[in-house]
Structure formats: structure tokens, C-alpha cells
Amino acid sequence: MTIDAPDGERLQDPLRSGEVTGTVIICFIIALMEGFGLQSVGVAAHRIISEYHLSPSAMGWVASASTIGLLPGAIFGGRIADFIGRKRVLLLALVLCGISTLGTARSQDYQALLLFRFFTGLALGAALPNLIALSAEAAKPGSRSRFIAMMYCGVPAGGAIASFVSILGGGVFDWRWIFYVGGLLTWAIIPFLIFFLPESVQFRMKASAVRDQQIAVKASIADVLFHRERRLPTMLLW
């Protein structure tokens with residue numbers, strides 16, 4: 001794959017084939033957890049209503065809280081990634097998603113449920129634009145749509161897994177079982193993300209350009225202060 005440099009020059013993508021495969025697989029798995037996290041409250045809804053004695057409208061707010069969190073999460077997650085990198089944002093999103101999902105399982109009242117579900121949506125929203133960007137960068141120009149579609153197939157597949165986990169735990173565990181599984185699985189992805197997911201190509205190029213500029217500035221200052229006949233006056237002034 002090639003990408004456009006700021007000056008219009010075409011640069012080769014440094015991702016190797018193994019890194020491309022790792023990127024697609026890890027992005028797909030994270031998308032699975034996106035679907036799992038969004039669908040989990042739906043499959044647990046009837047048991048949550050029974051335990052907390054919620055009205056349909058109150059349960060509607062619980063189900064909608066994660067969806068409400070998606071929009072600000074996507075806006076800020078994409079923006080922050082421009083400064084610290086997509087990999088770091090994904091890492092932070094998975095940590096927050098794991099905490100909020102496990103927090104949902106430990107919730108003791110309605111307000112806590114709403115809060116943890118909102119933060120779950122915030123984390124999932126922050127992850128999504130970065131998953132799309134990493135999948136697009138990993139693909140060749142003619143395969144980008146296919147790669148993004150493959151990654152996004154993880155979302156409905158994750159929802160199906162949430163339903164399966166609910167059925168598997170039915171009659172043995174209460175509704176919290178679904179969120180314990182979801183939170184622990186989310187955290188289980190983190191080591192693979194750290195060691196096998198390469199950073200965004202565009203972010204690495206941008207960071208490299210900034211470093212080169214800083215080095216050039218430092219070299220220029222050193223040349224002004226210590227070039228030949230300026231060395232002694234500089235030292236005497238100091």
C-alpha cells in the first residue's frame with residue numbers, strides 16, 4: 001500500500017505481510033468485543049428488570065446509555081489518536097471498556113448501571129474510528145473496502161457471541177455472568193494489542209517528521225552558538 005506524504009510524494013507502506021495479517025485479526029477481535037459489549041445488556045435485559053424492578057422506560061435508558069456514549073467517544077477518540085497514536089487510544093479504550101463492563105456486573109443500583117453503560121459506550125466509540133483507520137491503512141488500495149467490511153463483521157458476530165454466552169449461563173448464573181465474561185475477554189486482548197498490533201503508518205510518519213524537525217532545530221541552535229569563532233564568546237557570555 002502507498003500513502004500520500006504531505007508534499008504529495010508517494011511513500012511505501014512499511015507494514016510487512018505479517019503485520020498486515022496481525023492488524024486485520026486484532027481489529028476483527030476488538031470489533032467482536034464491540035458487538036459483545038453493545039449487545040450484552042440486551043440479552044441480559046429481562047433479568048436486570050426482574051432484579052431491579054425497572055419499568056420499560058427505565059430499562060430503555062440502561063440499554064441506550066452505551067449508545068449515547070458512542071458519539072462523544074468516536075469524536076474524541078479519533079481526535080486524541082491524532083496526537084498520541086491509534087494504538088494507544090485502542091489500548092486505553094480496551095482498559096476503560098473492561099473496567100466499565102466489570103463495573104456493570106458489580107452495579108448495586110440503577111444509577112451505577114447507567115454510569116457504567118455510558119462509559120462502556122464511550123470506550124467502544126473511541127475504538128471504532130481507529131479500528132476503521134488501521135484496517136484501511138493495512139489494506140492495498142483496491143482491498144480497503146473489503147478489509148473494513150471484514151473488520152466490521154466482528155460487531156454482529158460479537159452480538160451473537162453475547163447471546164450464546166447468555167444461553168450457556170442460563171439457569172446456572174445470573175445476568176452478571178455475561179458482563180464478567182465480556183470484561184475479562186476485553187482485557188485478555190490487551191497483551192496481543194501491545195505486542196502484535198503495529199502503530200498507524202500515518203502517525204509514525206508524522207511523528208518521524210516532527211522528530212526530524214526537532215533534531216534540525218537543535219542542530220541549527222548548536223551551530224549558531226558553537227560554530228568556530230562563536231564558541232569562546234558563547235562560553236564567556238554564559
By side-chain contact (heavy atoms from CB on, under 4.5 Å) - contacts of I75 (at least two apart) | L71
Applying ring-ring contact (aromatic ring centres under 6.0 Å, His included), name anything that partners F116, two or more places apart in sequence or on another chain.
-> none
Quick one: side-chain hydrogen bond (donor to acceptor under 3.5 Å, both in side chains) pairs with a partner in residues 57-76, sequence neighbours left out?
-> S55-S57
So which pairs with a foot in residues 90-99 pass side-chain hydrogen bond (donor to acceptor under 3.5 Å, both in side chains), sequence neighbours left out?
-> none
By side-chain hydrogen bond (donor to acceptor under 3.5 Å, both in side chains), T104 pairs with (sequence neighbours left out) none
Are I161 and V165 close enough that some pair of their side-chain heavy atoms sits under 4.5 Å apart?
-> yes
Is the shortest heavy-atom distance from the side chain of L134 to the side chain of I26 under 4.5 Å?
-> no
Would you check if I80 and L92 make a side-chain contact, meaning some heavy-atom pair closer than 4.5 Å?
-> no
Can you check whether L113's main-chain N or O pairs, donor with acceptor, with Y52's side chain at less than 3.5 Å?
-> no
Is there a side-chain contact between Y152 and L128 (heavy atoms, below 4.5 Å)?
-> yes
Could you note down all residue pairs passing side-chain hydrogen bond (donor to acceptor under 3.5 Å, both in side chains) where residues 114-134 supplies at least one of them, sequence neighbours left out?
-> R86-N130, S100-T120
Under 4.5 Å between side-chain heavy atoms, hopping through other hydrophobics if needed: is there a path connecting V155 to L193?
-> yes
For S143, side-chain contact (heavy atoms from CB on, under 4.5 Å) partners two or more places apart | A139, K140, R146, F147
Residues forming a side-chain contact (heavy atoms from CB on, under 4.5 Å) with Y180, sequence neighbours excluded | L102, A105, R106, R176
Taking only distance into account, with no hydrogens and no angle test, what donor-acceptor pairs under 3.5 Å do side-chain atoms of residues 31-42 form with protein atoms, sequence neighbours excluded?
unit_1 : atom_1 : unit_2 : atom_2 : d
S40    : OG     : F36    : O      : 3.3
S40    : OG     : G37    : O      : 3.0

Who are the side-chain contact (heavy atoms from CB on, under 4.5 Å) partners of L122, not counting sequence neighbours?
-> P72, F118, F119
Are V43 and W175 close enough that some pair of their side-chain heavy atoms sits under 4.5 Å apart?
-> no
Would you say F76 and L70 are hydrophobically clustered, going by side-chain heavy atoms of ILVMFWY under 4.5 Å?
-> no
